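Read through the structure below, which is laid out as structure tokens, and then see the notes.
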Amino acid sequence: MNSLLDRLNPPQLAAVTLPPAHALILAGAGSGKTRVLTTRIAWLISNRQVAPPGVLAVTFTNKAAKEMQTRLAAILPINVRGMWIGTFHGLCNRLLRAHYRDAGLPQLFQILDSADQQASVKRLLKSLNVDDEKFPPRELCHFINAQKEQGLRAAAVEAAFGYTDDWARKRVGLYEAYEAQCQREGVVDFAELLLRSYELLERNEPLRRHYQERFRHILVDEFQDTNKLQYRWLKLLAGGGAALFCVGDDDQSIYAFRGADVGNMADFEREFQVQNLIRLEQNYRSHGNILDAANAIIKNNPSRLGKNLWTEAGSGEPIRIYESYSDGDEARWIVEEIRALVREGHARAEIALLYRSNAQSRALEHALFNAGLPYRVYGGLRFFERAEIKHALAYLRLIANTDDDTAFARVVNFPARGIGARSLENLQDAAKAANSSLHAAIPQVAGAGGVKLAGFAQLIVKLREAAHLPLPELVDHVIELSGLRTHYKNEKEGQERLDNLDELINAAASFVAEEGTPNQDGEITGEFGNDLSSFSSDITPAALVFTETVQPMLASFLAHASLEAGEHQAGEGDDALQLMTVHSAKGLEFNVVFISGLEDGLFPHENSMSEDKGLEEERRLMYVAVTRARQRLYLSFAQTRMLHGQTRYNLPSRFLDEVPDELVKWLTPRAGKGGFAVSSAPTFTSAPRRSESSGGSGFRIGQSVMHAKFGLGVIVNAEGSGTDARVQVNFGHAGMKWLALSVAKLEAA
DNA sequence: GACCACTGGTTTTTT
DNA sequence: ACCAGTGGTC
């Protein structure tokens with residue numbers, strides 16, 4: 001068993017073998033964080049400090065949870081799938097399924113993903129005759145989720161903030177109405193999973209005691225990404241004396257924009273009087289120059305817990321910086337560079353192209369496509385989010401729960417069966433009057449619309465009669481009987497959608513194979529199975545009973561579809577270049593990394609400047625991007641870039657200035673502080689449309705200029721001529737200014 | 001109910 | 001530039 005600890009460095013070893021007390025592990029990028037977590041669990045179990053059911057391990061993504069399980073299974077001779085290792089949402093789902101009654105939910109409650117939630121809010125606004133211009137569904141969802149993530153119900157929002165005006169009051173009212181609608185429909189959104197299970201544990205003392213006593217060791221991955229509610233959830237579960245082992249890196253906190261609160265790290269340290277603070281600073285991933293650059297960049301952030309990565313590897317290659325005239329030129333240069341790398345023997349899959357925002361992938365894809373280089377873009381539409389899949393799932397959801405109005409509204413007229421807006425309006429009115437679901441209100445609708453609706457109700461009855469079929473057959477049956485298959489067969493470009501629907505049947509089959517296989521004791525123990533064996537049976541005996549007609553696998557499969565939208569994408573496994581945003585690159589590593597579009601306004605993003613601490617988060621994002629690279633790192637920027645159909649002129653990113661000169665090799669003449677080196681004369685592309693030449697002043701759009709007060713800038717626009725000539729200049733730090741040429745003393749820079 | 005023109009809105013994203 | 005969603009017409 002000592003071999004388990006053999007290859008750990010001293011701080012890693014210390015972390016893994018800590019006594020059962022609270023601990024905060026500050027784990028830098030590439031410092032072996034996942035390894036420490038899994039080894040810690042394995043060590044605890046093999047040293048009999050805790051039995052497998054006493055461990056609770058939480059991650060953010062399914063991928064991380066799966067990786068932890070796989071690694072553990074390789075070390076320990078136990079059934080890992082029965083352990084409580086999962087995402088916050090997955091574990092909360094498990095908790096709520098087991099105690100649905102105590103949580104006030106129907107047994108087969110459905111989970112709304114973000115799109116479902118928005119559709120649900122939209123429907124709510126419509127039924128209440130609320131102007132969706134005043135309350136955009138998107139923003140309302142954001143508001144509702146933010147409140148839930150603070151642990152605030154609608155009633156509590158008022159108590160917490162009071163109402164400043166009618167609009168605020170109305171907004172909270174809508175939150176309340178949304179809660180009521182979800183409750184009536186028996187659906188929960190993502191944030192609700194968390195809040196509901198938090199409230200369940202908080203209010204139900206025997207249940208809380210049960211879990212507090214059960215979990216002796218709680219381990220948290222990516223702790224810096226937890227929001228307030230998740231932290232409170234952890235505190236509640238650890239309230240019975242469990243040891244909380246939190247691993248995180250404040251420098252890699254890049255999700256504040258969706259509620260993550262790095263402050264949780266400091267709070268944890270203080271509130272739990274953490275005596276064991278361990279820093280993992282030795283990096284096993286990157287060469288020295290890359291690490292030095294990352295350290296130099298992140299050093300500019302004032303509020304850090306403090307940490308400095310080092311490596312035993314040599315300094316390696318310099319960081320290469322390239323300036324190009326346009327985004328297209330940048331992409332073409334990247335293609336050439338990649339060709340050379342591949343010739344030198346680099347695997348394409350080991351080369352990553354990172355960018356700040358998805359819109360930037362277009363130019364890169366264009367160039368890669370023309371060059372015939374295989375690539376894979378991450379972050380597109382996921383399998384379970386495709387329209388045809390969501391349609392099929394909606395039918396399945398109606399089998400599980402006819403009150404699910406979101407599912408109902410989605411497919412009542414898809415494929416088209418002549419139920420128009422008119423009939424639906426009547427139905428909605430009837431449902432509202434009876435305070436019932438849309439399905440239940442069908443008999444109230446008279447006329448031709450009523451007949452057609454009754455036909456749809458009949459279809460649901462037929463589908464429900466098949467609910468006992470094995471899951472894959474049920475899915476197949478639903479696709480057939482609903483008319484989806486026929487619909488897509490008749491559609492000109494429906495073949496891909498048909499293939500996807502077949503893939504859904506396959507997914508159901510493999511889900512049954514993986515999750516539904518009973519173990520020796522005949523229990524279903526997968527993440528989405530109802531792991532009831534682990535609960536003391538006196539608490540929820542009722543949870544063992546399933547609705548007779550509906551098989552448990554269906555509910556589990558639907559939860560699986562919502563919680564794990566799936567990275568089911570083409571080209572997986574091929575030797576393809578990896579294209580993704582910096583956000584989605586977190587946790588990954590590559591031999592060669594290109595970070596493109598390093599321009600002020602893009603990266604750091606202009607929207608971040610107005611936000612409090614926005615620039616710091618952007619800098620952490622840059623830190624994450626840089627630390628993805630093992631051997632070679634390229635940074636590139638362009639003077640002009642097409643965005644939203646307009647050419648934009650940006651200055652080089654301030655982050656470039658933060659990389660020490662001695663680590664860098666400029667592939668183009670070095671740009672001055674905050675300006676361009678290469679005068680905008682394009683060397684390998686046609687000149688851009690120069691709308692005006694600023695009244696013959698000698699300045700042109702795209703030119704770098706120096707101003708006594710504002711410093712360096714780029715001319716982005718011009719109007720007027722002669723003494724009236726004015727130019728608009730982007731000064732980066734100092735912002736965008738209109739200057740009269742006759743007054744402002746501008747010099748070409 | 002199907003098709004086409006117009007509008008608005010585009011940071012990052014998991015669950 | 002480009003998508004999605006909407007409102008008009010047939």
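These numbers come from the heavy atoms of this one structure, side chains and all, not from hydrogens, waters or symmetry mates. Residue numbers begin at 1 in each chain, while the letters A, B, ... track the order of the sequences. These numbers come from a predicted model, not from an experiment.
Residues forming a side-chain contact (heavy atoms from CB on, under 4.5 Å) with K228(A) (at least two apart in sequence, or on another chain): Q150(A), D261(A), N264(A), D267(A). In this structure, T70(A) has no side-chain contact (heavy atoms from CB on, under 4.5 Å) partners at least two apart in sequence or on a different chain. Here Y623(A) pairs with nothing under the ring-ring contact (aromatic ring centres under 6.0 Å, His included) rule; sequence neighbours left out. Partners of R410(A) by salt bridge (charged side-chain N to carboxylate O under 4.0 Å, His left out), not counting sequence neighbours: none found. Under the salt bridge (charged side-chain N to carboxylate O under 4.0 Å, His left out) criterion, D251(A) pairs with R304(A), K307(A), not counting sequence neighbours. For E606(A), the salt bridge (charged side-chain N to carboxylate O under 4.0 Å, His left out) partners two or more places apart in sequence, or in a different chain, are R648(A). Looking at residues two or more places apart in sequence or on another chain, you find a salt bridge (charged side-chain N to carboxylate O under 4.0 Å, His left out) between D116(A) and K390(A), R397(A).
Separating the CD atom of E385(A) from the C1' atom of dT15(B) is a distance of 10 Å, rounded to the nearest angstrom. In this structure, the CD atom of E606(A) is 12 Å from the C1' atom of dT10(B), given to the nearest Å. Distance H142(A) NE2 to dT12(B) P: 15 Å, rounded to the nearest Å. Atom pair R620(A):CZ and dT11(B):P shows a separation of 20 Å (rounding to whole Å applied). Residue Y355(A) contributes atom OH, which lies 12 Å from atom C1' of dT12(B) at whole-angstrom precision. One can place CE of M609(A) at 12 Å from C1' of dT11(B), the figure rounded to the nearest angstrom. Nucleotide dT14(B) holds its P atom 18 Å from the CG atom of L112(A), rounded to whole Å. Distance, L558(A) CG to dT15(B) C1': 16 Å, rounded to whole Å.
S120(A) and Q181(A) are linked by a side-chain donor-acceptor pair at a separation below 3.5 angstrom, with hydrogens and angles left out of the test. Donor-acceptor pairing under 3.5 Å is recorded for the side chains of R97(A) and N93(A).
Residue contacts shown for F88(A) are absent, as no nucleic acid heavy atom lies under 4.0 Å away.
Contact annotation: side chain of S114(A) to base of dT15(B), donor-acceptor pair present below 3.5 Å.
Ranking dA2(B), dT15(B), dT13(B) by closeness to the T581(A) side chain, first place goes to dT13(B). Taking the side chain of N413(A) as heavy atoms from C-beta on, and the options dG1(B), dT15(B), dT13(B), the nearest nucleotide is dG1(B). In the set dT12(B), dT13(B), dT15(B), the nucleotide with an atom closest to the side chain of S357(A) is dT12(B).
Mapping H605(A) and S562(A) onto DNA chain B by nearest heavy atom places H605(A) at the nucleotide closer to the 5' end. The 5' end of DNA chain B is approached more closely, in terms of each residue's nearest nucleotide, by I419(A) than by the other of R258(A) and I419(A).
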task: Report the C-alpha distance between T406(A) and R123(A) in whole Å, list the side-chain angles of each, state the deciding distance to 0.1 Å, and finish with yes or no for side chain to side chain contact (heavy atoms under 4.5 Å, CB included).
output: CA-CA 8 Å; T406(A) 305; R123(A) 199 155 33 76; 2.9 Å; yes
Please write out each protein N/O paired with an N/O of nucleotides 2-9 of chain C under 3.5 Å, distance rounded to 0.1 Å.
none

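Side-chain N/O atoms of S608(A) include none lying less than 4.0 angstrom from OP1 or OP2 on dT11(B). The side chain of R138(A) contributes no N or O atom lying less than 4.0 Å from OP1 or OP2 of dG9(B). Checking the phosphate oxygens (OP1, OP2) of dT13(B), a side-chain nitrogen or oxygen of N358(A) falls inside 4.0 Å.
Under the stacking definition used here (centres under 5.5 Å, planes under 30°), the residue H583(A) fails to qualify as stacked on the base of dT12(B). A distance cut-off of 5.5 Å between ring centres, combined with a plane angle under 30°, places F257(A) in a stacking arrangement with the base of dT12(B).
DNA chain B lies under 4.0 Å from no heavy atom of any residue of residues 143-150 of chain A.
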